[in-house]
Amino acid sequence: MSDTAAPQMSGEVREALEQRRPVVALESTIIAHGLPRPRNLRVAEELEDAVRTEGAVPATIAVLDGRAHIGLDKAQLDRVANDDSVRKLGHRDLAPALAAGASGATTVSATAFLAARAGLRVFATGGLGGVHREWTETQDESADLGLLARTRITVVCAGVKSILDVPATLQRLETLGVGVLGYGTGNFPGFYLSSSGEPVDWTVRTPDEVAAVMRAQDALAGPPAALIVANPVAEAEQLDPALHDRILAEALDACGKRGITGQGVTPFLLDYLARETEGASLEANLAAVRGNVRLAARIAGAWVRA
């Protein structure tokens with residue numbers, strides 16, 4: 001990559017990497033497009049503070065004026081939260097955005113790519129994308145999966161969004177060779193819910209155990225796939241399962257009746273859930289993100305100590 005295309009690291013992140021201190025990558029889409037203003041900026045600052053409280057350095061990632069940034073200062077974070085021109089960028093959008101001098105918030109795929117490109121190993125997010133329902137008809141699958149199949153990064157998440165086809169997503173991850181660990185659970189989390197009802201093959205219980213798997217990945221020197229650490233939201237903070245199932249069924253029915261397809265499906269379903277649960281789904285989402293960020297910081301700490 002040219003100098004102008006190479007990610008620009010903040011001084012704090014660069015120093016942490018040089019000193020082998022723990023760093024956690026954070027996405028910016030949740031700031032720009034996932035939360036209402038002004039709460040989005042408060043949450044962004046809260047998540048960075050949570051990483052620091054656990055002894056790690058936060059590296060929120062975004063593209064500003066055609067330059068990828070690994071770690072944002074206060075003014076840059078404020079811009080991502082409040083500038084209406086900030087786009088939503090997956091990893092396929094990065095090259096056009098850089099060439100055009102555009103600004104954008106990074107999704108899971110773009111964040112994972114840029115983080116790994118900059119030498120970061122741990123990334124915290126809410127929920128991954130995956131295989132969409134009715135895949136046999138639409139062939140709709142998130143770009144997250146393919147990117148994670150070829151990117152060596154550890155992603156701490158609360159599973160995949162429950163509006164997706166969870167069993168098919170887990171099967172796809174297996175096919176792609178992406179490892180999945182349940183953190184303190186034998187079941188794959190359900191994003192808003194502590195459990196999707198689907199089992200995981202491997203369970204770990206401490207950050208050191210996760211770091212040991214990361215070391216084993218490197219020692220094997222196999223394909224550079226990601227490692228997913230599936231961390232369930234606490235049962236006390238999850239969305240009520242019965243309410244979730246009822247509202248999701250209504251949302252899927254409404255989506256079908258309105259003829260919404262493709263990229264419009266996910267935002268429609270998420271907005272429907274947030275509205276009809278009176279914000280309870282959003283609170284469960286944020287509870288999951290907070291837990292993932294704290295765990296990611298502890299895993300990053302274990303990794304640099306290894």
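Owing to the predicted nature of the structure, the values given are computational and were not obtained by experimental measurement.
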**Asked** Are Asn187 and Val200 side-chain neighbours, meaning at least one heavy-atom pair lies under 4.5 Å?
**Response** no

**Message:** Counting only heavy atoms not in Gln19 (residues, nucleotides, ligands), do more than 12 fall under 6.0 Å from its CD?
**Reply:** yes

**Asked** Counting only N and O atoms by type, is there a donor-acceptor contact under 3.5 Å from the side chain of Thr29 to the main-chain atoms of Thr106?
**Response** yes

**Item:** Electrostatic pair Glu250:Arg246 at N-O distance under 4.0 angstrom
**Value:** yes

**Message:** What verdict does the side chain to side chain contact (heavy atoms under 4.5 Å, CB included) test give for Val131 and Gln171, after you've listed the backbone C-alpha separation in whole Å, the side-chain angles of each residue and the deciding distance to 0.1 Å?
**Reply:** CA-CA 9 Å; Val131 177; Gln171 180 60 57; over 6 Å; no

**Item:** Heavy-atom side-chain contact between Tyr192 and Gln238 under 4.5 Å
**Value:** no

**Request:** Report yes or no: do Ile31 and Leu286 belong to one cluster of Ile/Leu/Val/Met/Phe/Trp/Tyr joined by side chain heavy-atom distances under 4.5 Å?
**Result:** yes

**Prompt:** To the nearest 0.5 Å, what is the distance between OG1 (Thr169) and CD (Glu198)?
**Reply:** 10.0 Å

**Message:** Are Val160 and Val166 packed together at the side-chain level, in the sense that at least one heavy-atom pair is separated by less than 4.5 angstrom?
**Reply:** yes

**Request:** Mark yes or no for whether Ser281, through its side chain, and Ala274, through its backbone, hold a donor-acceptor pair below 3.5 Å.
**Result:** yes

**Salt-bridge present (Asp84, Arg37; N to O < 4.0 Å)** = yes

**Prompt:** So which heavy atom on Val86 is nearest to which on Ala32, and how close?
**Reply:** CG1-CB, 4.1 Å

**Asked** CD1/Ile247 to CZ/Arg275 distance, rounded to the nearest 0.5 angstrom?
**Response** 10.0 Å

**Prompt:** Do Leu120 and Leu17 come within less than 4.5 Å of each other through their side chains, counting heavy atoms only?
**Reply:** yes

**Prompt:** How many angstroms lie between atom CG of Leu239 and atom CG of Asp245, to the nearest 0.5 angstrom?
**Reply:** 9.0 Å

**Message:** Would the distance check show the side chain of Ser142 and the main-chain N or O of Leu145 forming a donor-acceptor pair, the cut-off being under 3.5 Å?
**Reply:** no

**Asked** Within the side chain of Asn40, is there an N or O that forms a donor-acceptor pair under 3.5 Å with the backbone of Ala81?
**Response** yes

**Salt bridge flag under 4.0 Å for residues Glu54 and Arg298** = yes

**Message:** Checking side-chain polar atoms at under 3.5 Å, does Thr206 have a donor or acceptor matched by the opposite partner on Asp208?
**Reply:** no

**Prompt:** Backbone N or O of Ala226 within a donor-acceptor pair of the Arg152 side chain at under 3.5 Å?
**Reply:** no

**Prompt:** Between Phe268 and Ile260, what is the shortest heavy-atom contact and its length?
**Reply:** CD1-CD1, 3.4 Å

**Prompt:** Can we say Asp218 and Arg121 salt-bridge, meaning some charged N sits less than 4.0 Å from an Asp/Glu carboxylate O?
**Reply:** yes

**Prompt:** Is the closest side-chain heavy-atom distance between Leu35 and Leu282 below 4.5 Å?
**Reply:** yes

**Prompt:** Of all heavy-atom pairs between Ser109 and Asp144, which one has the smallest distance, and what is that distance?
**Reply:** N-OD1, 3.4 Å

**Request:** Please determine, by modelled atom types, if Glu48 and Thr60 share a side-chain donor-acceptor pair under 3.5 angstrom.
**Result:** yes

**Message:** For a quick test of reading the model, state the closest non-hydrogen atom pair linking Ala105 to Ser28 and the distance between them.
**Reply:** CA-OG, 3.2 Å

**Message:** Looking at Lys257 and Asp253, is any side-chain nitrogen of the basic one under 4.0 Å from a carboxylate oxygen of the acidic one?
**Reply:** yes

**Item:** SB check Arg52 Glu12 (cutoff 4.0 Å)
**Value:** yes

**Asked** Do any N or O atoms from the side chain of Thr151 and from the backbone of Ile153 form a donor-acceptor pair under 3.5 angstrom?
**Response** no

**Asked** Does the pair Leu193 and Val233 meet the rule for a side chain to side chain contact (heavy atoms under 4.5 Å, CB included), with working shown?
**Response** CA-CA 7 Å; Leu193 308 177; Val233 64; 5.8 Å; no

**Asked** Is Arg172 reaching over with its side chain to a backbone N or O of Ala168, donor-acceptor style, under 3.5 angstrom?
**Response** no

**N/O donor-acceptor pair under 3.5 Å between Thr203 side chain and Gly184 backbone** = no

**Request:** May I have the step-by-step check of salt bridge (charged side-chain N to carboxylate O under 4.0 Å, His left out) for Glu237 and Arg290, ending in yes or no?
**Result:** CA-CA 11 Å; Glu237 296 179 301; Arg290 292 185 188 103; 5.6 Å; no

**Closest contact, heavy atoms only, Tyr183 versus Arg205** = OH-O, 3.3 Å

**Asked** What pair of heavy atoms forms the shortest contact from Pro207 to Leu295, and how long is it?
**Response** CG-CD1, 4.4 Å

**Message:** Any salt bridge linking Asp65 with Arg79? Criterion: basic side-chain nitrogen under 4.0 Å from a carboxylate oxygen.
**Reply:** yes

**Sub-4.5 Å side-chain heavy-atom contact between Thr154 and Phe123** = no

Please output the side-chain donor-acceptor pairs of residues 68-76 that fall under 3.5 Å, not counting sequence neighbours, one pair per line with the distance.
{"residue": "Asp73", "atom": "OD1", "partner": "Ala75", "partner atom": "N", "Å": "3.2"}
{"residue": "Asp73", "atom": "OD1", "partner": "Gln76", "partner atom": "N", "Å": "2.8"}
{"residue": "Lys74", "atom": "NZ", "partner": "Glu45", "partner atom": "OE2", "Å": "3.0"}
{"residue": "Gln76", "atom": "OE1", "partner": "Asp73", "partner atom": "N", "Å": "2.9"}

**Request:** State plainly whether one hydrophobic cluster holds both Val213 and Leu128, where clusters connect Ile, Leu, Val, Met, Phe, Trp and Tyr through side-chain heavy atoms under 4.5 angstrom apart.
**Result:** no

**His33 side-chain N/O to Arg87 backbone N/O, donor-acceptor pair under 3.5 Å** = yes

**Asked** Can you tell me if Asn292 uses its side chain to pair, donor with acceptor, with the backbone of Thr125 under 3.5 Å?
**Response** yes

**Prompt:** Any side-chain heavy-atom pair from Val24 and Pro58 closer than 4.5 angstrom?
**Reply:** no

**Prompt:** In terms of hydrophobic clustering (I, L, V, M, F, W, Y; side-chain heavy atoms under 4.5 Å; direct or indirect links), are Val108 and Val265 co-clustered?
**Reply:** yes

**Prompt:** What about Val63 and Ile30, same hydrophobic cluster or not, with Ile/Leu/Val/Met/Phe/Trp/Tyr joined at side-chain heavy-atom distances under 4.5 Å?
**Reply:** no

**Asked** How many angstroms lie between atom CG of Leu148 and atom NE2 of His91, to the nearest 0.5 angstrom?
**Response** 9.5 Å

**Validation row: Ile163, Leu273 side chains within 4.5 angstrom (heavy atoms)** = yes

**Request:** Go through the steps for Ile61 and Leu26 under the test side chain to side chain contact (heavy atoms under 4.5 Å, CB included), then give the verdict.
**Result:** CA-CA 6 Å; Ile61 294 176; Leu26 302 172; over 6 Å; no

**Prompt:** Could you go step by step and tell me if Val304 and Arg21 meet the side chain to side chain contact (heavy atoms under 4.5 Å, CB included) rule?
**Reply:** CA-CA 6 Å; Val304 300; Arg21 291 162 47 209; 6.0 Å; no

**Message:** Is there a continuous path of hydrophobic side-chain contacts, each under 4.5 Å between heavy atoms, that joins Val293 to Val155?
**Reply:** no

**Request:** Starting at CG of Leu164, measure out to CG of Leu269 and round the result to the nearest 0.5 Å.
**Result:** 9.0 Å

**Item:** Interatomic spacing from CG in Asn285 to CD in Glu283 - rounded to 0.5 Å
**Value:** 9.5 Å

